[in-house]
Number of protein chains: 2
Amino acid sequence: MNKTSKRALGLLLAAGFGWGAAASAADTLQDVMQARGLSQQDVLAAAKTYVPTGGRDEFVAFSSGGQSGQIIVYGIPSMRILKYLAVFTPEPWQGYGFDESSRKILDEGKIDGKSIAWGDTHHPAISETDGKYDGQFLFINDKANPRVAVIDLRDFETKQIVVNPIYKSEHGGTFVTPNTDYVIEAAQYAAPLESKKFYPLEQFNEKYRGGVTYWKFNRAEGRIDPAQSFSIELPPYSQDLSDAGKGPSDGWSFTNSFCAERYVGGIEKGRPPYEAGCSAKDTDYLHVINWKHAAELVAAGKAVKINGHNVLSLETAIKEGVLFLVPESKSPHGADVTPDGRFIIVSGKLDTHATVFSFEKIQAAIRAKKFESKDPYGVPVIAMADAMERQVQIGLGPLHTQFDSKPCIAYTSVYVDSQVAKWNYCDGKVLDKLSVQYNIGHLMTMEGDSETPKGHYLVALNKLAIDRFTPVGPLHPQNHQLIDISGDKMQLLYDMPLPLGEPHYAVAIEAKKLKPGVRYKVGTDSRTDKPHPGAVRAGEEKVVRKGNKLEVYGTLIRSHITPETIEAQVGDEVTIYLTNLERAEDETHGFAVSTFNVHASIEPGKTVAVKFKADKEGVYPYYCTEFCSALHLEMQGYLLVKPKGWQPVKATMATQGYTENDYRATVKKVADTQAVIDSVVGYITSVNYKDYPDVVSMVEDATDQLGKMKDAKAKAEAAAGKKDWEQANLWSEQVFQYQVKAADLGLRAKTYLEQHGAHKVAK
Amino acid sequence: MNKTSKRALGLLLAAGFGWGAAASAADTLQDVMQARGLSQQDVLAAAKTYVPTGGRDEFVAFSSGGQSGQIIVYGIPSMRILKYLAVFTPEPWQGYGFDESSRKILDEGKIDGKSIAWGDTHHPAISETDGKYDGQFLFINDKANPRVAVIDLRDFETKQIVVNPIYKSEHGGTFVTPNTDYVIEAAQYAAPLESKKFYPLEQFNEKYRGGVTYWKFNRAEGRIDPAQSFSIELPPYSQDLSDAGKGPSDGWSFTNSFCAERYVGGIEKGRPPYEAGCSAKDTDYLHVINWKHAAELVAAGKAVKINGHNVLSLETAIKEGVLFLVPESKSPHGADVTPDGRFIIVSGKLDTHATVFSFEKIQAAIRAKKFESKDPYGVPVIAMADAMERQVQIGLGPLHTQFDSKPCIAYTSVYVDSQVAKWNYCDGKVLDKLSVQYNIGHLMTMEGDSETPKGHYLVALNKLAIDRFTPVGPLHPQNHQLIDISGDKMQLLYDMPLPLGEPHYAVAIEAKKLKPGVRYKVGTDSRTDKPHPGAVRAGEEKVVRKGNKLEVYGTLIRSHITPETIEAQVGDEVTIYLTNLERAEDETHGFAVSTFNVHASIEPGKTVAVKFKADKEGVYPYYCTEFCSALHLEMQGYLLVKPKGWQPVKATMATQGYTENDYRATVKKVADTQAVIDSVVGYITSVNYKDYPDVVSMVEDATDQLGKMKDAKAKAEAAAGKKDWEQANLWSEQVFQYQVKAADLGLRAKTYLEQHGAHKVAK
């Protein structure tokens, strides 16, 4: 922010803050400002981004994680990271790649039979209906190992990975067509399309190819359908980012490229490096593709099969009028369709301009067959001047463009200048520039690549942070900067460090459009969305042995695992199915077996299977890894792996020697505790608790806990009847444990009601 | 916060905020408050936590990640996560577990020969000198697979993993002695100490054992020395958290326990679950251990070897006066030594009290041999009353205690009540309570477990978030809440979602004590801190073949990889050594080979090796995965895997057909660009840029980039002399690329100087 706007802001801030004289000098806003060295502008930014406890963010951003292979979910304007979603990289907190179902998802991503334990996620896309974000699904690509993943936003879990059958790398994915019929993924570095096929670099021009893939998305299934998907063979220009047409340009897509020189480096042999040869000419090519027509051609059998996948050859694409090229400023990054679908904006990273291409003009040239030339592969080339609406001087290294809710307003990241430029693509005027820290790559406005951008905020996805944060070693966090774009001038609000991964592109959706669940139907396999064959209900737990295969069907509930002992023989193949019986929000249980590399995360209602070989004798504790309740540490059990031919020792389990007095004391404790619970229940039911959905669900959970007491109490009384004081006392202790869980909920509900102004109601 | 304190705060806030009338109604603080529904209290909290761009946090927290197996680093008061440190779980962004050196660290963590791809990190500890945090090293444990890791805070990298040789799980680690002579790790679920040894649960009391391990830390080496480490055998009570004595109690350590009942559950067999039997009695045992004397006994040869590790047997520990027990309220979690070392505070999770034990009283009882009994293993038990200073009613489910900079002030987390209690352990008065959301586990004050707590802030590490954040599916983030403890009453400032992992304990240090580096000496193996045998300097890159072993010695610099082609035969074992030649801060390069599961992160100066088998023919791009520069996408190369017996085709590399005119045009572009650079340099050198260390380092980097021009220019001119316009033009383009990098830096420096009030200086 320059000095002039800083002064102006000071004046604006000064408006009517008429808080009177202080009762005490301590802890006024001014004191805090002085102590922390904050300007009025800082306080305004703080107030614009702070979300108080329990508040909600307006927007939710999904950011690629780059080489971490994940997706990062954060709230805007608070810039608080809400979740890392495991996509291409195993992640134990989520159990991803550890339980059998999620392992299968990762196995879908094997290439040439090889497991790949990471990904290079670049460009997320939210599913659209009529060109608007619908908040149902999320797609993300892997640049390094050309793959696309599908995430279901009902539970924020990765449901599918598909491997691109013809590329060796990609970049231009994912982008969706306006009704998410297709997910677009374009190649990056050209290579032979045939699997495991070698051609020398001397045959680069003849044998290496690029392409763009259109993955058919089946919304009802929530999965990509590879059999219905296809690709278009493209020349060996390094295809880069894409965008789907919308409105008037629906049915078409646009993919930029770099190194249309088809230069092959080799600095070790005295050839100048790629960076020199790939940026030597003034223009690269924008690929203009009629994907709807291409899909018809594929349906009509005009595709060839490469590695079993439908590919429209370059020849067919040219002959059938599917593919055209337009020169674009060199080394661009992004081909961004305006919200009205009329223009495509492309900027050259080694240029100073953003070029506004007109879809109408491109179509006119195509209709008139007005081409300036053909490329070396026979693709018709439309003259830049014939396709262009205008060119606007933006700054050094313009890169990616996003849009405002206000008509004609665009924002372009300017890499070399480290700036965001606000400009008008209808009249070509540059309206504002803001310096960012540092070297911005992509930028993101709210729903800014949909037909209905939402304005308000922009996030600068900077590639370097350098000095922005408290130092944490040679590997720095990235820096996402939040910018207020609601006024005429952009205002920097917040610097957010990205603590893991290197985001490239991000998308943000109105938070209210997301309606994820908090629990599964009991016994669900969350990765297939179907009932899990290993699910059991309470009381149905069992252990089944089939030869050396040991199958354990278990359950989890605060605060015990059933069974609490698993007896195996060394060499057994053990499968443990676990169902989380909880219905309460956030009552996830984890499961670990010591030293066997076994872990699972089991959210309420979910069933998972973990599988391992009991390949060593010994005693191995298992336990709940998620701090779920007061008795969480006691949510434990033992895996016993017996030697072959083990003969039971003659020993009986030690008893605690509890007496009738112990039992009576526990019964009294239970009665006393019940009195406390009753008083809490008395308070809750005396006020309008039913007006608070969160409290209602706590009360339901507490009632559920108290309901479990009945069975334990019956067991205690039956044992007492037989004067088995040991069992009687312990089952009474179990009654007390259910009371503790109920009291926990009741107290939480009481505090909530008191803090939220609950009032007495007539009984 | 209750209503009274809210009103009081309103008055406090109102102090003297005399900003006058507004020039415009837009964008005043009041408008923002109204639009966003913020109270004055919210604005105060925002101002207390907001850190403006480029600002620094006061404290840096290191939080365990639970079952994610990582450590989370965040700033206080901004609560922005700065970094996830990979410790027990492979993580590709950091290259951890992908390059050979970090793979070796993970391999140190193998148990019984099995790789373990995760951990359950619980309790981090910062190294101490004289009982004060020194910011040099960080330690963390793995509960599931009993291990301890060492992280060097010079580069925030994991340097060592040691496997506990006698446990099957642990919890009470890590805690350091006041000069970090030892790192303490206590067992959790009892099991036979011998490796892979089976005993049935009927022999639990006789054959299952707990223990506490004292890992010897060699500060000069920055590594644990397993040969100098030892353990003490303990009864099969579930040992839990520990703390080292300090000041008067230095030389002793304290470990709490639960399930001193030694109860074995079995709900599937009709036995009440662990949760009932492990909490049935009123007290568990605090273990009081004279570790200094134990170390002397081990040095004197009194230890036995179990699995090759020094273990002081229970018998020896009793006989030699090393081990004592004190009853403690049941199911406690934490044994927290006060900053002055005089008291140990223990709270029972199923109790309402915090108990203040007096070290002096414990010592008096020991000296007087005043024991109330012996436990079943013969360990002397000091009566609770004889060891206790006082007991204080704290609330339902008190758990963990931390300390303030103010004398006698403690904060205890109260799990069931979901509160933080502030109290005085010298007079037993409870001073304040604050509700937190929800079910707080541990809490953390600034340097709050050292001899010199810093006050200011407290973080509540809540186990449930439930409704606090914008929903992200059934698996919720955790909620760390920042609390201002500088005044008499605690004030909630901020809710921070934890997006990955489930923290248990955390530690926070003054940020100024951390002085990590931003670059390595060129050619460093960061995991051994030694020169990497695969390092080469610019110009020394080479490819060495030894049979079917292909060794590539490469370098990375903006924006090319040397070599740009790697030619392999199918079946080759390929090792690629890569040295990042950059000296500039934050100029990390990544490295990926398509579809071979190869990735590395190479920070400035680092050398790494990646290794893989070229087990399939074909053409596989490799590239830099970290967006490092404008020409980042062009930082690429090809791995060519040739079929066996491949005969070269007769083809020559395509040329671009550049002419003399192209060369002359590029030379002109270079001259024009140089004029721009000169003008930027002119500005920079006209002002007091030397007063800005960040700018000085940018100028150095830019000069470095310009220095590289010389060689490229010479090559261009030599080619032009031979009328090889192709090479002449391309090398001139390379000159231009160096200019772009220099211009990037120059412009960044210029903006920085303009924004930071640089002034003209006399030449």
Side-chain angles (χ1 to χ4, degrees), chain A residues 11 14-15 17 19 22-23 28 32 46-47 50 53 67-68 81 83-84 92-93 111 118 144 155-156 168 189 191 196 198 202 265 268 272-276 278 280 463 472-474 476 495 499-500 516 559-560 563-564 586 592 594-595 603 617-619 621 625 627 631 634 651 730 733-734, chain B residues 11 14-15 19 22-23 28 32 46-47 50 53 67-68 81 83-84 92-93 111 118 144 155-156 168-169 189 191 196 198 202 265 268 272-276 278 280 463 472-474 476 495 499-500 516 559-560 563-564 586 592 594-595 603 617-619 621 625 627 631 634 651 730 733-734:
Chain A
L11 286 172
F17 219 81
W19 297 340
T28 68
V32 174
Y50 183 77
T53 184
Q67 56 272 42
S68 77
I81 306 179
K83 206 173 197 174
Y84 271 82
W93 170 60
I111 298 182
W118 74 292
D155 62 0
F156 283 56
K168 297 293 173 289
Y189 305 116
K196 298 192 257 185
F198 170 73
E202 286 77 5
E268 73 284 358
Y274 283 95
E275 60 170 319
C278 283
K463 305 318 295 180
V472 288
H476 288 47
D495 279 39
L500 173 67
S559 312
H560 52 269
E564 292 188 309
D586 204 5
S594 154
T595 77
E603 294 80 39
E617 302 164 15
V619 174
T625 54
F627 199 138
L631 271 288
E634 292 78 358
L730 287 169
E733 283 291 344
Q734 184 58 29
Chain B
L11 286 171
W19 296 340
T28 68
V32 174
Y50 183 78
T53 183
Q67 57 271 43
S68 77
I81 307 179
K83 206 172 198 173
Y84 272 81
W93 170 61
I111 298 182
W118 74 291
D155 62 0
F156 284 56
K168 296 294 174 290
S169 73
Y189 306 116
K196 297 192 261 187
F198 171 73
E202 285 78 5
E268 73 286 356
Y274 284 95
E275 60 170 318
C278 283
K463 305 318 294 180
V472 288
H476 288 47
D495 279 39
L500 174 66
S559 312
H560 52 270
E564 291 187 311
D586 205 4
S594 155
T595 79
E603 294 78 41
E617 300 164 15
V619 174
T625 54
F627 200 138
L631 272 287
E634 291 79 357
L730 287 168
E733 283 291 344
Q734 184 58 28

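Residue numbering restarts at 1 for every chain, and letters A, B, ... go by the order of the sequence lines.
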(Q) Checking A:Q67 against A:W118 for the side-chain contact (heavy atoms from CB on, under 4.5 Å) test, could you report, in this order, the C-alpha distance in whole Å, the side-chain angles of both residues, the deciding distance, and whether it holds? (A) CA-CA 7 Å; A:Q67 56 272 42; A:W118 74 292; 3.9 Å; yes
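Residues A:Y84 and A:W93 have side chains not in contact (no heavy-atom distance under 4.5 Å, counting atoms from C-beta outward).
Taking B:H560, B:E275, B:K168, B:E268 one by one and counting their heavy-atom pairs under 4.5 Å with chain A, the maximum is reached by B:E275. Of the listed residues A:P563, A:S559, A:G265, A:A191, the one with more heavy-atom pairs under 4.5 angstrom with chain B than any other is A:S559. Between chain B and the options A:K463, A:E617, A:H476, the largest number of non-hydrogen pairs under 4.5 Å is found for A:H476. The most heavy-atom pairs under 4.5 Å with chain B, out of A:S594, A:G473, A:P474, A:P92, come from A:P474. Between chain A and the options B:I111, B:I81, B:D586, the largest number of non-hydrogen pairs under 4.5 Å is found for B:D586. Residue with the most contacts toward chain A among B:E634, B:E733, B:E564: B:E564 (heavy-atom pairs, distance under 4.5 Å). Taking chain B as the reference chain and counting heavy-atom pairs below 4.5 Å, the highest number among A:A592, A:P273, A:A651 is found for A:P273. Each of B:D495, B:V472, B:L631 has some count of heavy-atom pairs under 4.5 Å with chain A, and the biggest count is that of B:V472. Here B:P272 is the residue among B:P516, B:P272, B:S169, B:A276 with the most heavy-atom pairs under 4.5 Å with chain A.
Interface residue B:E603: only side-chain heavy atoms are found under 4.5 Å from chain A.
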